[in-house]
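What follows is a set of notes on a single structure, which appears directly below.
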Amino acid sequence: MAKKLEKMASIDAQLRQLVPAKVSEDDKLIEYDALLLDRFLDILQDLHGEDLKETVQEVYELSAEYEGKHDSKKLDELGNLITSLDAGDSIVVAKSFSHMLNLANLAEEVQIAHRRRIKLKKGDFADENNATTESDIEETLKKLVVELKKSPQEVFEALKNQTVDLVLTAHPTQSVRRSLLQKHGRIRNCLTQLYAKDVTPDDKQELDEALQREIQAAFRTDEIRRTPPTPQDEMRAGMSYFHETIWTGVPKFLRRLDTALKNIGINERVPYNAPLIQFSSWMGGDRDGNPRVTPEVTRDVCLLARMMAANLYYSQIEDLMFELSMWRCNDELRVRADELNRSSRKDAVAKHYIEFWKIIPPNEPYRVLLGEVRDRLYQTRERSRHLLAHGHSEIPEEETFTNVEEDYFRSKATMFAGIDLGRESRSLCACGDRAIADGSLLDFLRQVSTFGLSLVRLDIRQESDRHTDVLDAITKHLEIGSYQEWSEEKRQQWLLSELSGKRPLFGRDLPKTEEIKDVLDTFHVIAELPADNFGAYIISMATAPSDVLAVELLQRECHVKHPLRVVPLFEKLADLEAAPAALARLFSVEWYRNRINGKQEVMIGYSDSGKDAGRFSAAWQLYKAQEELIKVAKEYGVKLTMFHGRGGTVGRGGGPTHLAILSQPPDTIHGSLRVTVQGEVIEQSFGEQHLCFRTLQRYTAATLEHGMHPPISPKPEWRALMDQMAVIATEEYRSIVFKEPRFVEYFRLATPELEYGRMNIGSRPAKRKPSGGIETLRAIPWIFAWTQTRFHLPVWLGFGEAFRHVIGKDIKNLHMLQEMYNQWPFFRVTLDLVEMVFAKGDPGIAALYDKLLVSQDLWSFGEQLRTKFDETKKLLLQVCGHRDLLEGDPYLKQRLRLRDSYITTLNVCQAYTLKRIRDPNYNVSLRPHISKEYIEISKPADELITLNPTSEYAPGLEDTLILTMKGIAAGMQNTG
């Protein structure tokens, strides 16, 4: 026993030496992480014994030693230790390291919030190393006025007329279950309060106990989704952020904005109906390649969101009825209150009053009017609930709120279908009670302006070919030919002829396949539900004007009274190159120009363009496409809104918000920005109140700054060099990914791509088509697989060859590249993000996967790729003028180092588990029966064994694999 205690003390001492040092005086990350780790190890010992705790510590020590020297022998030792464990212990170890990575992430979030509070107290808003990595709204306003000499009124006018629309998507990249995310939130709150300055000893003890409870509850929760989520499940998970943070976060942020404006001399609040922040969703509307998103699903998610919105407003109104008890009011309000009192409250709505509010004193007119709103909200909620549950409701639609009537730029009043919500505010101001009007009532009006009655507007996304199939069926039924076989000119001619006419195009006798019926039924759902439920209709794979006109015609034929704006989506490299010409052809159609009233939205896809040509070429083509699209729009007098389809990872266009916005080409945002917030990025953006506030602040500040102080345009010589490099990068990328005959086999052996579907993290299939190679694989699993092995090939492949080519051609090009890095935001951001990916990467880990999983005849191919990795990293550092990775960002460097040892353990565990899964004859002696420990922490053993009845590998291996995948995803902080 004494030797064991001595050994554990020695391990503890060594672990302390491996912990990264503090970066600054206000750096508490190491302290936070140590506390969470200590609490977890105590819990682990209580639950699974001292031996298993010691095993976890030994595993961590070996991982940390590998990270210190990158000696591959340490990986072998680690592998031997992990494979010596029985199935139950193996699962506990994998679960422990996954859990510790989640705790490390929570420590980081608390540290970021702590540093932000310190900065606010000091009045230092800029980041220590790069002012563009943090965007504080107050600092941005001051910068515009003081440094850039913009007048306060000019800034105010630009601000109140700009719009940021955040589009939440259900793309399957959130690997953490919702029940765990909630527990993580409580751990984060406990940790924050523990380090508050005013915490008492008793409070500290209670908080510490609560922290231990939440850590244990999270550890005892099954991390694995046993079944895929439905689209409705995804929608409920997404909407939960509104209930928890966004609903209250928006008015809180707008109040801070009012304060920031006052500090630059604007004594006027942002109007409550200004469109600063809007929210949309793809959850239940994105049917591109997802057969589970049916018309019925779309209808359900709209009704569910409407019911949630009504319920949130209902609670707000009840609070306001308590607050607005004053009797003074203007004549307008008094007349309306008297009318309601004279009606004796006998209408059908009044039956639903809460008993306390049945009799409202006549000398409290605000309560009388708010009571009317409250009752209509009750009816609205109940009607949505009935429709959702039963498909019908006895509550008449006229007794509910059906829409929010407002014009953001002209109207001074916000309306709930005829009820003027601004009336109370005007009355309070007229009676000298502006301070009261600017309280909770203002927050409520701002919520109405932001969320409407639908909470979010649902976008519909569908592939262009599906519309073509419908129109082909119609033309064949009408015996006028095959629409699919027509030229683009003939298609346009026919579509415009039908759009200009009034006759119905088809009747009930139209022959319909299931696919055609699905498309038409979706349009019928759009026609059936209130118009404010919907946002845009996105067309994937749009290439020609007829793709847009087809949707316009189908909307008319299905009796959509308020047609959705139609948005073409350009994704692959060739589509992006052809996009400006396609848009020009569309704008040349007079009927369409009249239809759009001078406004058009275009979506550009970062995921598929990156998969198609590599990150370098995709980034440059996206930049150029935006410039050209804006030029085309200006020629036709159209205001163009760019919709950025970004993912969470660098390989899919991800990166820090502020940097992403400020690196866009000049004039491409111009006060109007639409961007997707996908998967795990939703949690990182809105999972907690301070995260929500920071997200809203970053988008608003960066959009304002880009519009009022656009980044520089690249010099002609920079463009020429970028064009040269893009050609080389694309050739290099495609020569390996699409033309190398061994690549697909290597990719599927060297990564867990084939096992991706076991995670059940989304309702959408991993492939657009069941068969096919890389081209049919969705961008998310493509990036996910390489992220798991820490090789990140799709991000960096092509960069090195492009740099080598232009530098070798003329050494002066190196100086030009360095000039571009120092002066051009787009180029700097592009390289900085790739540098961050290299800091997360480890070719030694990728080599372990090769050794265990790849056939020997492919080992040389893997070595070639790892050589390219190292060469590209050296060239990147040379261009950036850096000696080491992340030398300019010590905080990020510290955070990555803190996580590395945890991730390494999971990488080794994953690689050996994949080996045992794929090769049933491997290490047969180490395939034990399922243990009691395994049964304790997961599902019953007999249930687990039947998860894959055809599997020949030992029970528990699949769960171990999934736990490693989730843990690595948590450690890399992006899953796709």
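Side-chain atoms are counted along with the backbone in the values below, which use heavy atoms only and exclude waters and symmetry mates.
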Assess the side chains of Y592 and Q600: does a donor N or O sit below 3.5 Å from an acceptor N or O? yes

Close side-chain approach of L312 and L455, heavy atoms under 4.5 Å: yes

So, Q462 versus Y537: side-chain donor-acceptor pair below 3.5 Å or not? no

Within a 6.0 Å radius of atom NE2 on H670, are there more than 12 heavy atoms belonging to other residues, nucleotides or ligands? no

Shortest non-hydrogen contact between D532 and R457, atoms and distance: CA-NH1, 3.4 Å

Could you walk me through whether D165 and S280 satisfy the side-chain hydrogen bond (donor to acceptor under 3.5 Å, both in side chains) test, starting with their C-alpha distance in whole Å, then the side-chain angles of each, then the deciding distance to 0.1 Å, before giving a yes or no? CA-CA 7 Å; D165 189 352; S280 300; 3.0 Å; yes

For residues 440-448, please give each side-chain donor-acceptor pair under 3.5 Å, one per line with the distance, not counting sequence neighbours.
from: S440; atom 1: OG; to: E323; atom 2: OE1; distance (Å): 2.9
from: D443; atom 1: OD1; to: R255; atom 2: NE; distance (Å): 2.9
from: D443; atom 1: OD1; to: R255; atom 2: NH2; distance (Å): 3.3
from: D443; atom 1: OD2; to: R255; atom 2: NE; distance (Å): 3.4
from: R446; atom 1: NH1; to: D258; atom 2: OD2; distance (Å): 3.1
from: R446; atom 1: NH2; to: D258; atom 2: OD1; distance (Å): 3.2
from: R446; atom 1: NH2; to: D258; atom 2: OD2; distance (Å): 2.9
from: R446; atom 1: NH2; to: V270; atom 2: O; distance (Å): 2.8
from: Q447; atom 1: OE1; to: Q316; atom 2: NE2; distance (Å): 2.7
from: Q447; atom 1: NE2; to: W247; atom 2: O; distance (Å): 2.9

With a 6.0 Å cut-off (strictly less than), is the heavy-atom count around NE2 of H524, excluding the residue itself, greater than 12? yes

Would you please indicate if the ring centroids of Y313 and F401 are separated by under 6.0 Å? no

Distance to the ring centre below 6.0 angstrom and angle to the axis at most 45 degrees; does that hold for R593 and Y636? no

Side chain proximity check, H644 to Q626, heavy atoms < 4.5 angstrom: yes

L529 to N533 - nearest heavy-atom pair and separation: CB-ND2, 3.7 Å

Please check if atom CD in E394 has more than 12 non-hydrogen atoms from other residues, nucleotides or ligands closer than 6.0 Å. no

Does CG in D509 sit with more than 12 non-hydrogen atoms of other residues, nucleotides or ligands closer than 6.0 Å? yes

Begin from the C-alpha positions of E515 and R466 and carry the test salt bridge (charged side-chain N to carboxylate O under 4.0 Å, His left out) through to its verdict. CA-CA 8 Å; E515 290 77 11; R466 297 292 296 275; over 6 Å; no

pair E372-R336: side-chain heavy atoms closer than 4.5 Å: yes

Can a side-chain donor-acceptor contact be found between Q689 and T248 if the only test is distance below 3.5 angstrom? yes

Do V519 and R287 make a side-chain contact, defined as non-hydrogen atoms from C-beta onward lying under 4.5 Å apart? no

